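So the structure is just underneath, and the comments pick up after that.
Keep in mind the model is a prediction, meaning the values are calculated, not measured. So you know, we letter chains A, B, ... as the sequences are listed, proteins then strands, and number each from 1. Any value given below was found using the heavy atoms of this structure, including those in side chains, with hydrogens, waters and symmetry copies removed.
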Number of protein chains: 2
Amino acid sequence: MQPQFRARVGTEGLRRTNTGAVLRALRRLGPSTRVELARHTGLAKATVGVIVADLEAARAVAEEGSRPGVRGRPGRPVALRGDRFVTLGLELNVDYVSAVVLDLSGRVVSSTSRPGGTGDALHDLARTALAEHVGPESIVVGTTLAVPALVRGDNHTVAWAPNLRVDWTDLAATLGELVPGLEIEVSNDANCAAYAEAHHGAARGAGHALYVTGTVGIGAGIVQDGELVRGGAGFAGEVGHMPMGDSTALCGCGRRGCWEAAIGLHAMLAAVGMPELDTPLLTAESVAERARTDASVRAGLERVGVDVGLGIAMLSSVLDPEVIVLGGYFAALGDLVLEPARRTLDERLASDVQVRPDVRPSTLGIQAAALGAAEQSFGPVLTGELDLTA
Amino acid sequence: MQPQFRARVGTEGLRRTNTGAVLRALRRLGPSTRVELARHTGLAKATVGVIVADLEAARAVAEEGSRPGVRGRPGRPVALRGDRFVTLGLELNVDYVSAVVLDLSGRVVSSTSRPGGTGDALHDLARTALAEHVGPESIVVGTTLAVPALVRGDNHTVAWAPNLRVDWTDLAATLGELVPGLEIEVSNDANCAAYAEAHHGAARGAGHALYVTGTVGIGAGIVQDGELVRGGAGFAGEVGHMPMGDSTALCGCGRRGCWEAAIGLHAMLAAVGMPELDTPLLTAESVAERARTDASVRAGLERVGVDVGLGIAMLSSVLDPEVIVLGGYFAALGDLVLEPARRTLDERLASDVQVRPDVRPSTLGIQAAALGAAEQSFGPVLTGELDLTA
DNA sequence: ACTATTAAGTATGAGTCTCGAACTAATGTC
DNA sequence: GACATTAGTTCGAGACTCATACTTAATAGT
């Protein structure tokens with residue numbers, strides 16, 4: 001039987017927890033002296049000294065040149081090293097695949113993507129990324145695959161993927177062979193993107209963030225206190241078909257009033273009277289281009305932006321995020337959509353004291369999901385679940 | 001400087017964590033032998049033995065009569081004791097106050113409420129409850145006050161309470177005197193009620209639950225993995241004024257389309273063509289009574305129920321709860337509202353694989369918030385933050 | 001140039017904790 | 001009545017954190 005009420009087993013477990021706290025502090029603060037780490041973690045100086053020594057031996061951290069200038073013995077800052085532990089984040093989407101190699105220091109070592117949404121293309125991309133950017137000294141400590149699908153809370157089984165015809169167990173097995181001895185985790189793409197924006201992108205520094213992405217469908221990810229809200233079955237954030245009253249348009253799902261039917265890519269194109277191009281991104285760029293000269297296009301985007309604002313107002317009432325990040329075609333169209341959205345959000349927020357969430361465009365673009373997947377794979381390391389010094 | 005990256009300080013901290021795990025296991029499993037506790041917590045038999053002995057000395061647990069019948073030496077079950085550690089949960093609402101005394105074993109020792117929503121009435125009620133139901137041997141380890149207001153994430157400051165004219169710092173000080181040496185925490189009433197339903201009421205056993213209560217306003221509380229989702233400022237769950245498209249009715253807040261304007265008590269009364277009585281509960285009962293004979297009242301409730309269903313469909317898409325608990329007047333009207341709500345929810349849920357949340361009426365009624373407040377006060381004990389054995 | 005001062009980092013030894021193995025205890029089974 | 005089985009305790013080993021005292025390396029002042 002699995003333990004259900006997680007005790008921290010043994011004093012080694014204690015050490016792992018504390019090591020995780022030190023790693024998290026280094027991730028957040030950047031290079032820090034032992035004393036600084038002790039202050040921020042609450043540990044004793046001596047303890048931090050031992051932990052840092054262990055991490056140094058494991059090549060997870062390294063000392064930097066000391067920073068003189070102040071009175072007293074100068075501290076010797078310790079920094080996370082990037083050349084030893086990395087994670088691999090992958091995304092399989094409808095019309096593209098991408099791969100990100102992230103190192104322990106939080107640096108993106110490699111970030112590539114390629115058109116064509118097949119398992120083979122992804123496998124190829126991942127293998128290339130590993131071969132070119134992960135040296136023989138480096139260890140891949142986790143791999144996560146982001147997919148536009150409903151993924152169960154177990155982080156493995158795909159419950160529903162209407163837009164992808166893939167044999168998931170087969171794909172997971174194939175990809176798993178790339179990194180021997182490591183089980184691949186699967187995660188929802190919007191959740192991954194939200195995680196990426198919260199830790200590396202537009203919502204960096206905010207503990208509570210909401211991410212909404214617009215392509216043909218609408219997806220969302222919720223970050224509370226730095227962690228993803230998954231829901232009972234793992235399906236939280238499926239906002240595309242939530243009923244929005246102001247729209248009575250027919251949705252692809254056969255119902256009326258879905259948010260997607262008001263602000264999805266097709267609805268946006270209908271509003272501006274333009275055709276769909278090869279990819280959502282290209283389409284959005286052409287719309288942005290035309291909006292510069294065509295007032296009717298701007299008016300159409302204005303209407304879409306209002307509906308975006310209504311939706312995020314609703315989500316804000318429920319979730320109270322500090323930052324809302326808009327990705328997908330919303331980011332490509334920028335203030336053309338964001339401005340009316342902000343205005344509507346302001347009008348609709350519940351009370352005067354409620355803090356207006358900051359509405360920002362995604363800064364990570366197409367790599368968001370893969371980067372978030374990679375960052376998620378560092379989770380066990382930063383919580384101390386996985387021991388780097390072993 | 002406060003430690004920010006919570007390390008588990010010292011081996012005593014380890015013990016506290018593990019003690020918390022044992023207490024949680026006992027809370028969930030009921031009386032258990034040491035071996036059972038070891039299995040469920042993952043700790044060694046010997047360790048559990050020591051922890052249980054400590055708890056016994058602190059009078060937090062006691063041995064029960066052994067359960068024979070099986071082969072081998074029979075185990076000696078240990079159970080949480082109720083006569084030593086208790087918490088006090090209070091609620092100050094617009095038209096009533098209530099107080100709940102909860103003991104460590106999870107039993108409600110006392111539960112009282114009284115009409116009239118003033119600080120004095122609450123103070124009086126709390127003092128009586130303490131005097132009559134908390135013996136001299138008992139220790140109050142926490143007190144939480146639930147209020148219909150926006151409460152900041154610090155659990156102390158009231159940011160906005162449109163319906164109550166109260167000097168909050170004064171009230172907290174006055175109530176604080178009832179239990180010397182203990183700081184009183186403040187929390188939102190819907191959040192407290194949600195917490196109560198998740199741990200004691202209709203959503204017991206579900207890690208992920210959503211609670212929606214209907215009186216004049218609409219409030220909600222979100223429980224994820226047994227814990228409340230608070231949002232960036234602590235204002236999550238303020239769903240009353242989220243824009244719901246199907247309604248164009250004017251809301252008290254001056255906007256159109258608020259959920260409250262469609263399903264709040266006043267909207268419901270308008271739909272059935274009946275007057276408001278003294279309290280929401282009395283009003284709801286009279287409506288339920290009339291519905292038995294009057295088809296037009298049933299039709300009105302049907303319409304309200306559909307709007308309830310639309311809203312919880314939206315929330316379900318976002319949050320993916322296992323159970324949705326409806327409180328306030330919804331619970332009083334039962335299936336008259338819940339049935340159309342369930343039907344609408346079924347129609348509107350995003351995908352076929354998505355698990356339908358179970359929609360249930362509140363089982364705790366008017367005591368929900370105070371009970372949840374009391375349960376929240378046990379939080380530090382059950383996580384091991386607070387040491388009972390000290 | 002030399003000393004005082006300040007602050008960072010390191011050794012040391014005490015105190016706590018958990019764990020596995022061995023042991024004792026209490027019951028049912030044959 | 002011997003044996004098997006399971007619960008709980010004892011005990012020694014090992015690991016960890018911590019406070020204190022000490023060492024080290026810089027600046028400030030004279």
Side-chain angles (χ1 to χ4, degrees), chain A residues 1 3 5-22 31-57 61-79 384 387 389-390, chain B residues 1 3 5-22 31-57 61-79 384 387 389-390:
Chain A
M1 182 185 310
F5 306 94
R6 275 247 157 265
R8 188 96 24 215
V9 175
T11 49
E12 288 99 335
L14 181 56
R15 164 59 64 88
R16 282 214 310 278
T17 305
N18 289 341
T19 305
V22 169
S32 319
T33 67
R34 291 158 181 81
V35 170
E36 285 166 349
L37 291 172
R39 261 203 302 273
H40 280 87
T41 56
L43 293 166
K45 266 199 308 182
T47 308
V48 173
V50 177
I51 290 175
V52 166
D54 280 1
L55 287 172
E56 211 171 352
V61 304
E63 271 190 5
E64 292 194 329
S66 69
R67 284 172 307 193
V70 286
R71 215 179 153 87
R73 175 176 170 176
R76 302 205 309 272
V78 169
D387 188 4
T389 66
Chain B
M1 184 184 308
F5 307 93
R6 277 250 156 262
R8 187 113 10 229
V9 174
T11 49
E12 287 100 333
L14 181 55
R15 163 61 64 88
R16 281 214 311 278
T17 305
N18 289 341
T19 304
V22 169
S32 319
T33 68
R34 292 160 179 78
V35 171
E36 286 166 348
L37 290 171
R39 262 203 302 274
H40 280 89
T41 55
L43 294 166
K45 265 198 309 180
T47 309
V48 172
V50 178
I51 289 174
V52 166
D54 280 0
L55 287 173
E56 212 171 351
V61 304
E63 271 191 5
E64 293 194 330
S66 69
R67 283 172 307 192
V70 287
R71 212 182 155 86
R73 172 176 170 175
R76 302 203 311 270
V78 170
D387 188 3
T389 66

Which pairs of donor and acceptor atoms, one on a side chain in residues 44-56 of chain B, lie under 3.5 Å apart (sequence neighbours left out)?
unit_1, atom_1, unit_2, atom_2, d
B:Asp54, OD2, B:Arg15, NH1, 2.8

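The distance between atom CZ of B:Arg39 and atom C1' of D:dT6, rounded to the nearest whole Å, is 10 Å. One can place CD of A:Glu64 at 17 Å from P of C:dA8, the figure rounded to the nearest angstrom. Here C:dG15 presents its P atom at 17 Å from CZ of B:Arg15, a figure rounded to the nearest Å. Atom CG of B:Leu14 and atom C1' of C:dG15 are 14 Å apart (whole Å). Straight-line distance from the CG atom of A:Leu43 to the P atom of D:dT17: 7 Å, rounded to whole Å. Regarding B:Leu37, its CG atom lies at a distance of 17 Å from the C1' atom of C:dC19, rounded to whole Å.
If you check D:dA26, D:dA7, D:dA19 against the side chain of A:Ala44, the one that comes closest is D:dA19. Listed nucleotides D:dT9, C:dG9, C:dT27 differ in distance to B:Arg76; the shortest reach to its side chain belongs to D:dT9. When each of C:dC17, D:dG8, C:dG9 is scored by its nearest atom to the side-chain atoms of B:Glu12, the top-ranked nucleotide is C:dC17.
The minimum heavy-atom distance linking B:Ala21 with B:Thr41 is given by the pair O-CG2, 3.9 Å. When every heavy atom of A:Glu36 is checked against every heavy atom of A:Pro31, the shortest pair comes out as OE1-O, 4.4 Å. B:Arg16 approaches B:Gly384 most closely through the heavy-atom pair NE-O, 3.0 Å.
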>> Quick one, A:Val22 with A:Leu43, criterion side chain to side chain contact (heavy atoms under 4.5 Å, CB included). Give me CA distance, side-chain angles, the key distance, then yes/no.
In response: CA-CA 9 Å; A:Val22 169; A:Leu43 293 166; 4.2 Å; yes
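The shortest distance between the side-chain N/O atoms of B:Arg34 and the OP1/OP2 oxygens of D:dA7 is not below 4.0 Å. Between B:Asn18 and the phosphate of C:dC17, there is no side-chain N or O to OP1/OP2 separation shorter than 4.0 Å. In this structure, A:Thr11 does not reach the C:dC19 phosphate: none of its side-chain N or O atoms is under 4.0 Å from OP1 or OP2.
For the side-chain hydrogen bond (donor to acceptor under 3.5 Å, both in side chains) test, no residue two or more places apart in sequence or in another chain qualifies with A:Ser66. The side-chain hydrogen bond (donor to acceptor under 3.5 Å, both in side chains) search around A:Arg76 returns A:Glu63, not counting sequence neighbours.
Within residues 45-53 of chain A, the residues approached by DNA chain C to less than 4.0 Å at the level of any non-hydrogen atom are A:Lys45, A:Ala46, in residue-number order.
How far CG of A:Asn18 is from OG1 of A:Thr11: 11.0 Å, rounded to the nearest 0.5 Å.
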Considering only nitrogen or oxygen atoms on both sides, find all protein atoms under 3.5 Å from nucleotides 2-5 of chain D and state each distance.
unit_1, atom_1, unit_2, atom_2, d
D:dT5, O4', B:Arg71, NE, 3.4

